[in-house]
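First comes the structure, then the notes that go with it.
This chain uses plain numbering: 1 for the first residue, then up along the sequence. Reckoned from all heavy atoms, side chains included, excluding hydrogens, waters and symmetry mates.
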Amino acid sequence: MRVLLVHNFYRDAGGEDTVFVNERRMLSEHGHEVEVFTRSSAEVRGPLARARAGLGLIFSFSTRRRLRKHIRAFRPDVVHVHNFFPLLTPSVFYACGDEGVPVVFTLHNYRILCPTSTLYFAGAEELRSLSGSTFWAINKPVYRSSRLATLALCLMIEFHKRVGTWKHRVTRFVALTETAREVFAAAGLPSDRIAVKGNHSPFSLEHSSAPIIRRPRALYVGRLSEEKGIDCLLHAWKDLEIDLDLVGDGPMMNVAQASKSKRIRIHGRLPPADVRRLMGEASTLILPSICHEMFPMVLLEAFSARLPVVASRIGASRSLIENGVTGML
C-alpha cells in the first residue's frame, strides 16, 4: 500500500510527534511504501511569523496547492493526517478531496472541538465547547495566554464546524481509546466513521540491556505542568514513605525544586535509555493528570516495561488501565 503521512511537528517534541515517527517506521518495516508531507512549528519565529500563522490558521491555500501536487506525484492509496495545527491547517483535507484520495485523521487531542485541546482549564475540567460555542475562551485566554491567538483558534474551530469539514472531508477518524470515541461522537462527529486504534511503542524490556531490578520507588515521567497534576503529586508525597523519581521539565520545575526532599529525586529531561532504565527499577509509574489525556505514550511504555500504573480516573486512563490488574485508578 502507498501511504502518505501528513504531520505538523510541534516546537517542543511531544507524544504526537513520537507516534508519527513510530508509525512511519512500522509501516515501512511491514512493506508499505511511505512518504511524508510535514512542517514544523519551529518555523514560526518572531512576532511577524506568529501573526502570519495566526491569520492563516483557518485555511492555507498554499498548503492545499502543495499537497495536491505531492498527491499527484506520489499517487497514494490513502493519506493519513496526524496533526495539521497550526501551519498545515484543515486545508489538507480539502486537498485530499480535490484529488479523490481517501483520508484518515487520527484524533490525537480535542483541538477540533475545544481551544484547550485537553478539555481542561484553570484547574478544572472544561466541557463547554463540546455542546456550544468556543467563544467563551476568548476572554480567558486559553491558548498561549493570548486573546488574539485564542480568537484565531476559536474561529478555526467554529468555521470548520459550520462548513462541515469533519463530516464531509474525512473518510475515517481514528480515536485512540473508546473513551475518546464516545466524546467525539457525542460532540457531533459521525460515530460510524470513528475507529478505535491505540498508539504503540517499539520498546520492551526484552530488548533492553539494562538489568531488571525492581525497587520500592515510584516514577513520574512527563511535563511538569499544572494539567499533569504535579501539584497533587507533590502534595501527596509529603505524607508517603516511598521514594519518587521525577523525570521531565516544564513550567512547574521551580515548584518541584521547592518540594525536593530526600524522598524526591528530580532528574529533569533524560535520554530514552535512562528513562527505560528507571522503568526497569521502579515499582510503579504515577500518572496524576487532571486533564483529558488521549493516550499517554509514557503509559504505553510503562506497560511495555511490565510496570503497573497508578493514575487519575479521567480521560484515557479509564479505558487503558484495568483497575487492580495493570494498575490502579
Side-chain angles (χ1 to χ4, degrees), residues 1-8 15-16 19-20 23 27 37 57-60 63-64 67-68 71 76-86 88-120 125-137 153-200 291-295 314-316 318-320:
M1 181 177 286
R2 299 164 70 87
V3 184
L4 179 59
L5 300 179
V6 175
H7 185 59
N8 192 132
E16 294 177 36
V19 171
F20 173 81
E23 293 207 356
L27 286 167
F37 183 85
L57 197 60
I58 294 177
F59 200 93
S60 170
T63 293
R64 185 178 187 175
L67 182 54
R68 289 189 65 183
I71 290 172
D77 297 303
V78 64
V79 174
H80 187 170
V81 179
H82 281 271
N83 177 43
F84 61 77
F85 182 83
L88 292 175
T89 79
S91 61
V92 296
F93 300 104
Y94 288 80
C96 295
D98 294 340
E99 298 302 319
V101 61
V103 56
V104 174
F105 179 26
T106 292
L107 301 161
H108 287 287
N109 55 56
Y110 292 104
R111 186 168 282 116
I112 66 169
L113 302 179
C114 179
T116 67
S117 81
T118 59
L119 306 183
Y120 169 88
E125 189 176 54
E126 178 53 75
L127 304 178
R128 276 179 284 182
S129 298
L130 300 183
S131 57
S133 168
T134 61
F135 291 125
W136 63 267
L153 179 52
C154 291
L155 288 173
M156 184 271 287
I157 295 171
E158 295 299 328
F159 176 82
H160 290 284
K161 185 194 305 182
R162 282 161 174 71
V163 301
T165 297
W166 317 125
K167 290 183 178 180
H168 306 304
R169 295 286 177 167
V170 179
T171 311
R172 176 75 65 169
F173 298 92
V174 174
L176 301 182
T177 65
E178 183 61 33
T179 299
R181 191 198 71 81
E182 292 171 359
V183 172
F184 281 108
L189 265 63
S191 59
D192 60 333
R193 283 192 271 138
I194 306 176
V196 177
K197 182 187 77 67
N199 295 330
H200 87 286
C291 67
H292 280 255
E293 298 266 18
M294 295 297 280
F295 198 121
I314 186 172
R318 291 181 294 163
S319 296
L320 299 175

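For Phe59, the ring-ring contact (aromatic ring centres under 6.0 Å, His included) partners are Phe61, Tyr94, not counting sequence neighbours. Under the side-chain contact (heavy atoms from CB on, under 4.5 Å) criterion, Val174 pairs with Val104, Thr106, Lys197, sequence neighbours left out. Every residue two or more places apart in sequence or in another chain was checked for a side-chain hydrogen bond (donor to acceptor under 3.5 Å, both in side chains) with Arg169, and none qualifies. Partners of Phe295 by ring-ring contact (aromatic ring centres under 6.0 Å, His included), not counting sequence neighbours: none found. Take His82 and apply the ring-ring contact (aromatic ring centres under 6.0 Å, His included) test, not counting sequence neighbours, and it matches Phe20, His80, His108.
Closest heavy-atom contact between Pro102 and Thr171: CA-OG1, 3.4 Å. The two residues Lys161 and Gly132 make their nearest non-hydrogen contact at NZ-O, 3.4 Å. Between Leu176 and Leu107, the shortest heavy-atom distance links the atoms CG-O, 4.0 Å. Across every non-hydrogen atom of Cys96 and Leu67, the tightest pair is SG-CD2, 4.5 Å. Scanning all heavy atoms of the two residues, the minimum distance from Ile314 to Cys291 falls at CG2-O, 3.8 Å.
Atoms CZ and CD1, on Phe105 and Ile112 in that order, are 5.0 Å from each other to the nearest 0.5 Å. Rounding to the nearest 0.5 Å gives a distance of 5.0 Å between CE of Met156 and CG of Leu57. Note that the CZ atom of Arg111 and the CG atom of Leu153 stand 6.5 Å from one another [nearest 0.5 Å]. Taking CG of Leu113 as the start and CD1 of Ile157 as the end, the distance is 7.5 Å to the nearest 0.5 Å. Between the CG atom in Asn199 and the CD atom in Glu16 there is a gap of 9.0 Å [rounded to 0.5 Å]. Atom OH of residue Tyr110 and atom OG of residue Ser129 lie 13.0 Å apart, to the nearest 0.5 angstrom.
Here the side chains of Phe93 and His160 are not in contact, with every heavy-atom distance at 4.5 Å or above. With a 4.5 Å cut-off on side-chain heavy atoms, Ser91 and Phe84 do not count as touching. The shortest side-chain heavy-atom distance between Glu125 and His292 falls under the 4.5 Å cut-off.
Of the possible donor and acceptor atoms, one in the side chain of Asn83 sits under 3.5 Å from a partner among the backbone N and O of Asn8. Panel note: side chain Glu158, backbone Ser133; no donor-acceptor pair is recorded below 3.5 Å.
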Evaluate Met294 against Thr118 for side-chain contact (heavy atoms from CB on, under 4.5 Å), listing each step before the verdict. CA-CA 8 Å; Met294 295 297 280; Thr118 59; over 6 Å; no

Apply side-chain contact (heavy atoms from CB on, under 4.5 Å) to residues Ile71 and Asp98 and explain how you reach the verdict. CA-CA 10 Å; Ile71 290 172; Asp98 294 340; over 6 Å; no

Please tabulate, for the side chains in residues 183-195, all donor-acceptor contacts under 3.5 angstrom to protein atoms that are two or more places apart in sequence or on a different chain.
from: Arg193; atom 1: NH1; to: Lys167; atom 2: O; distance (Å): 3.3
from: Arg193; atom 1: NH1; to: Val170; atom 2: O; distance (Å): 2.5
from: Arg193; atom 1: NH2; to: Lys167; atom 2: O; distance (Å): 2.4

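Residues Ser319 and Thr179 have side chains that bring a donor and an acceptor to within less than 3.5 angstrom of each other. Side-chain contact annotation: Glu23 with His200, donor-acceptor N/O pair under 3.5 Å absent.
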